[in-house]
Each structure stands twice: as structure tokens, then as C-alpha cells.
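Report on the following structure.
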Amino acid sequence: MNETRKIAVTVNGTRYEETVPVRVTLADFIRHQLGLTGTHLGCEHGVCGACTILFDGRSARSCLMLAVQADGHDILTVEGIAPNADTLHPLQEAFRDNHGLQCGFCTPGILTTLIEFLRDNPDPTEQEVRIGISGNLCRCTGYQNIVIAALDAAKRLRSEDGRRKTDDR
Amino acid sequence: MKPPPFSYHDPRTVADVVDLLGRLENAKLLAGGQSLMPMLNMRYVLPDHIVDLNRVEGLSYIKAPDGVLEVGAMTRQRDLEFSEIVGVRCPIMHEAIREVGHRQTRNRGTLGGSLCHLDPSAELVTLAAALDAKVTVASKKGTRSIDFAAFPVAYMTPALELDELLTAATFPCWPAGHGYAFVEFARRHGDFAIVSTAVLIEEDKSGKVTRASVTLGGMGPAPVRASEVERALIGEVIEEKRLRDICEVLRKLEAIEDIHAPASYRQQLATVLPRRALLKAHERIAGGARP
Ligand code: FES
Ligand code: FES
């Protein structure tokens with residue numbers, strides 16, 4: 001029994017029409033069928049957060065959804081965060097500059113989570129950042145530099161509007 | 001591919017859902033998926049049919065008709081967390097929901113899913129018991145209402161027939177100016193609690209307790225109402241030393257034993273957490289609007 005369905009889904013601004021087995025998870029669909037392997041799978045049962053994507057703008061664990069459920073919806077993965085191939089998003093810059101990653105396995109899930117978090121809370125306290133990423137496991141950094149990077153990113157994003165006006169890069 | 005093979009159904013109306021439930025064998029309802037999906041990925045469950053509720057109309061809402069808060073089964077936990085009505089009418093729910101999983105799981109997880117999964121230490125389950133909630137269930141035969149006290153029939157088993165769907169839960173609201181607190185102990189933020197407690201109290205002008213609800217989660221297969229403590233509190237002025245004496249009886253509650261904690265540890269928490277919660281609830285009344 002391998003029932004399939006046709007789905008239409010927008011990922012990082014690109015519309016895909018695909019046929020998927022109904023039992024395939026959204027994470028496997030994104031990685032294997034769309035080839036977007038930036039979304040990582042650590043545990044495949046909802047514990048580690050490495051597979052976090054934004055589903056209609058809200059963070060969600062893609063290992064805990066079925067690909068069929070994405071029909072008609074909008075998804076953002078880590079590949080869609082940067083404005084273009086040459087420029088990093090301020091959040092990514094902050095992670096690079098503050099050594100917010102080591103092996104990088106957890107990073108896609110942390111970045112997508114923080115995109116939503118900083119949108120909801122542009123001026124968070126350290127404690128709020130720690131709670132915000134509490135659903136993401138990192139085995140390398142000890143979280144300290146991730147928290148520093150997130151706070152730095154918040155600052156960069158807050159001043160982004162002003163900077164855009166003066167420095168048109 | 002992790003999940004086992006199944007047929008997938010995505011009905012749009014409650015009538016279609018109960019129709020499917022009435023005729024499909026070995027079907028599982030998929031709500032927010034934060035418990036069922038891991039169980040599928042690990043193949044703990046092998047359903048022949050998955051009935052996805054995510055496209056069913058009319059199951060996601062928060063209403064507050066007189067005296068109660070009514071929440072549709074597919075309302076996401078995150079919507080409860082940020083709902084103004086919930087904050088005003090049922091502030092303890094805001095406090096409890098912040099302990100439910102993480103941002104990403106609350107974005108998907110639903111009220112109905114949590115109540116039907118019925119994990120003994122799930123915060124919303126403890127809360128439903130504390131507030132004397134009622135759940136509404138629908139089947140082809142019509143709808144019926146079940147007192148939450150009678151909803152858990154065994155470990156992780158709700159009083160639902162195979163052809164029934166939980167459509168909403170109704171939480172009676174406490175009057176403005178009541179005291180409340182949700183306190184739990186977990187090893188890590190976002191984990192299921194080892195023991196949790198939900199308390200609500202009302203006090204008269206002199207500070208004496210006139211009404212109390214004290215519930216413990218995580219002790220056994222279903223939440224426990226500490227009725228002995230509730231009775232003992234009436235007429236008392238909340239004060240730490242007196243609470244120690246009153247809460248000591250909770251050490252005699254039966255408790256489960258698992259890899260997280262032995263029964264004696266849970267019994268110790270059962271005496272400590274309600275005391276802390278009652279003090280917090282009392283401080284809230286003192287700090288806020290005493291009626
Ligand atoms: S892979 Fe999805 S939470 Fe770990
Ligand atoms: S950087 Fe290695 S897991 Fe986070």
C-alpha cells in the first residue's frame with residue numbers, strides 16, 4: 001500500500017507541484033524530493049529541533065508533519081533566509097561573527113526558530129532568547145555563543161532600517 | 001520513510017469526520033501531530049487510516065460566552081498562549097501553556113489533541129481537571145458532553161468511543177480577583193512535568209479562603225483532585241506554616257514510579273508544589289484586585 005497524492009507547495013518563494021506518498025514526512029519530502037538538504041534530521045521524533053522550518057510563518061518541526069499537509073501552504077527553510085546567494089541575512093552574519101555554530105548541524109533549526117522569534121520579539125532579553133531556543137538541541141556550542149549571536153542579530157535587525165537608509169549596500 | 005503505510009483522509013467538515021470514523025476500521029485522528037507523529041515515526045502505532053483534522057472547518061476558535069471559556073478542539077496551543085480572552089477570563093491557562101513543550105510544538109499542538117492523548121503529566125490535562133472542564137464529543141448519533149472528571153478511564157485512555165470526535169472543551173471561569181498558579185517540576189524546561197499542580201482560590205475580605213481547587217498531575221494515570229486539602233483550606237488564611245501542615249496529607253497519595261522518579265519523590269513533590277502554588281495564588285490576590 002503506497003497511496004500517493006498530488007500537492008502544490010511554495011518553498012522559499014518557489015512553487016512546486018509534486019506527487020508524494022501520503023506517509024512521507026514533510027522533512028523527508030523537503031530533503032529527498034526537493035533536494036533542499038539544509039533542513040537537518042537529528043531525531044525524527046520531535047525532540048531536537050534540527051528540522052525546524054517555518055510553516056505559514058510559524059516555526060514547526062518538519063519531522064512531525066506529513067508532506068500532504070503542506071498542500072497549499074507556504075514554507076521557509078534555511079536556504080530561503082539569505083536575500084540572495086552572495087549576501088547573508090543579518091541573523092546569519094551575527095552567527096558567523098559571534099561563532100554561533102561549530103559543526104553546524106543544529107544551525108538550520110536554530111536560525112529558522114530565531115527568524116520567527118525575533119519577528120515576534122525584536123528586543124528580547126537573554127532569558128527570553130534561552131526560552132525561545134529551548135526546543136533546539138546543540139551538542140557543540142554550549143549555547144552561549146548562540147545566545148550572544150541571537151542578541152547581536154536582534155540589535156542588527158533593529159538598526160537595519162536606519163542602516164538601509166544611510167548605507168545602500 | 002519512517003511512518004508505516006496508511007490511507008490518508010482529509011475531511012473538511014465534522015460530519016465527514018464522524019462519517020469516516022463510523023465506517024473505517026483501525027483509524028487514527030491526526031490533530032497537531034506532536035504526539036501521534038513521533039508514534040508513527042517509531043511505529044508504535046500502525047493505523048490503517050489516518051484522518052487528518054487540520055482541514056476541518058470550525059474546530060479552531062476561542063469564545064467566552066457567560067461564565068465559561070469555550071475552546072475548539074483544533075485550537076493551537078500557541079493561539080491560547082497569545083489570546084487576550086484567555087488572559088482575562090482564564091489566566092491560569094496562560095501560565096500553564098507556557099510550560100507545554102516548546103515554541104515549535106505549541107505552534108502545531110492543539111488543545112483537543114493534548115486532552116485526547118491524555119498523557120498523565122500533560123499540563124492541559126491537569127488544568128482541565130482543576131477547572132472542572134467539560135468536553136463535547138460528536139459522533140453520527142449526535143453530540144454529548146462529558147465531565148472531564150470522568151474523561152480519563154485508564155492510562156492514556158479517554159472515555160471516547162471509536163466513532164467519536166472531541167470537538168470542544170468548556171472551562172468554567174473563576175470570578176475576577178481570584179488567585180491562581182500553575183507550578184510544575186521538570187528536569188528540563190519544556191519536558192513533561194514529573195509532578196505539576198494547578199490551584200485556584202477565592203478569599204473573602206478578611207483574607208479567608210472561601211473556595212479552593214487543588215489538582216496534581218503526574219502522580220497517577222489521571223490528574224488527582226486533592227479534595228481533602230481543598231476542604232481543609234476553607235476558612236483558613238493562607239500562610240506558609242499552616243500550608244505545610246495542610247499539604248502533608250498529600251504524601252499519602254498513590255504515585256507511579258518510572259525512570260524519571262520513584263514514587264516517594266513524587267509524593268514529596270506533591271506536598272511541596274501545591275504549597276508553593278497556593279502562596280503564589282494568595283500573593284496574586286493580595287497584589288491585585290480583591291473583590
Ligand atoms: S529531527 Fe525533527 S525534531 Fe529532531
Ligand atoms: S553547532 Fe554542532 S550541534 Fe550545534
Side-chain angles (χ1 to χ4, degrees), chain A residues 1-5 7 20-29 32-33 41 43-73 109-110 112-114 116-117 120-121 127-137, chain B residues 1-10 12 26 28 30-56 74 76-79 81-82 97-110 113 117 186-192:
Chain A
M1 181 170 55
N2 225 343
E3 192 181 311
T4 59
R5 280 261 185 127
I7 62 167
V20 294
V22 294
R23 63 175 167 134
V24 99
T25 65
L26 181 55
D28 282 344
F29 167 74
H32 301 312
Q33 206 158 330
L41 286 170
C43 66
E44 299 183 68
H45 65 274
V47 174
C48 72
C51 66
T52 305
I53 51 142
L54 297 190
F55 187 80
D56 293 337
R58 284 180 165 204
S59 60
R61 297 184 176 330
S62 60
C63 70
L64 298 190
M65 292 183 68
L66 297 168
V68 277
Q69 295 184 298
D71 184 27
H73 291 276
I110 294 201
T112 45
T113 299
L114 285 173
E116 181 200 37
F117 173 75
D120 293 352
N121 186 353
Q127 177 70 6
E128 286 167 343
V129 169
R130 287 188 184 274
I131 292 173
I133 58 166
S134 63
N136 297 76
L137 296 182
Chain B
M1 205 151 10
K2 289 274 166 170
F6 50 72
S7 290
Y8 177 79
H9 309 264
D10 54 350
R12 305 300 147 109
N26 189 22
K28 268 272 173 202
L30 176 59
Q34 303 304 293
S35 300
L36 180 55
M37 285 298 299
M39 289 162 81
L40 285 170
N41 285 355
M42 293 193 269
R43 302 200 178 189
Y44 284 153
V45 282
L46 302 167
D48 291 316
H49 301 273
I50 287 288
V51 179
D52 187 350
L53 300 174
N54 284 278
R55 294 186 202 269
V56 178
M74 284 299 287
R76 309 280 169 192
Q77 291 153 4
R78 191 124 182 110
D79 292 327
E81 183 178 351
F82 289 103
I97 214 123
R98 281 184 216 115
E99 308 283 349
V100 179
H102 306 282
R103 155 180 294 265
Q104 301 99 335
T105 63
R106 291 198 294 271
N107 275 340
R108 296 294 301 166
T110 63
H117 186 59
R187 290 270 177 205
R188 289 164 298 261
H189 170 88
D191 277 9
F192 277 123

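Naming: A, B, ... by sequence-line order, numbering from 1 per chain. Values below: all heavy atoms of this structure, side chains included; hydrogens, waters and symmetry mates excluded.
Considering only residues two or more places apart in sequence or on other chains, B:Arg98 meets the side-chain hydrogen bond (donor to acceptor under 3.5 Å, both in side chains) condition with none of them.
Using a distance-only test at 3.5 Å, with no hydrogens or angles considered, no donor-acceptor pair links the side chain of B:Asn107 to the main chain of A:Arg58. In terms of modelled atom types and a separation under 3.5 Å, the side chain of A:Arg23 and the main chain of B:Pro3 share a donor-acceptor contact.
Heavy-atom minimum distance, B:Met37 versus A:Leu64: CG-O, 3.1 Å. Residues A:Gln69 and B:Arg55 come closest through the heavy atom pair O-NH2, 3.3 Å. Between B:Phe6 and A:Val22, the shortest heavy-atom distance links the atoms O-CG2, 3.6 Å.
Using a 4.5 Å heavy-atom cutoff, the side chains of B:His102 and A:Asn136 are not in contact. Side-chain contact check for B:Asp52 versus A:Val68: every heavy-atom pair is 4.5 Å or farther apart.
Atom CG of residue A:Leu66 and atom CG of residue B:Leu40 lie 7.5 Å apart, to the nearest 0.5 angstrom. Between atom NE2 of residue A:His45 and atom CG of residue B:Asn41 there is a gap of 9.0 Å, rounded to the nearest 0.5 Å. Here the straight-line distance linking atom CD of B:Gln104 with atom OG of A:Ser134 works out to 7.5 Å at 0.5 Å rounding.
Atom CZ of B:Phe82 sits in a crowded spot, with more than 12 heavy atoms from other residues, nucleotides or ligands closer than 6.0 Å.
Neither the backbone nor the side chain of A:Arg130 comes within less than 4.5 Å of any heavy atom of chain B. Contact of B:Leu30 with chain A is made through the side chain alone, with heavy-atom distances under 4.5 Å.
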Check against side chain to side chain contact (heavy atoms under 4.5 Å, CB included), A:Arg5 and B:Asp10: CA-CA 11 Å; A:Arg5 280 261 185 127; B:Asp10 54 350; 3.1 Å; yes

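When the heavy atoms of residues 47-56 of chain A are compared with those of chain B, the residues falling under 4.5 Å are A:Thr52, A:Phe55, listed by number.
Here A:Asp28 does not pair with B:Lys2 in a salt bridge; the nearest charged N to carboxylate O distance is not below 4.0 Å.
In the model, B:Ser7 has a side-chain atom that pairs as donor or acceptor with a side-chain atom of A:Glu3 under 3.5 Å.
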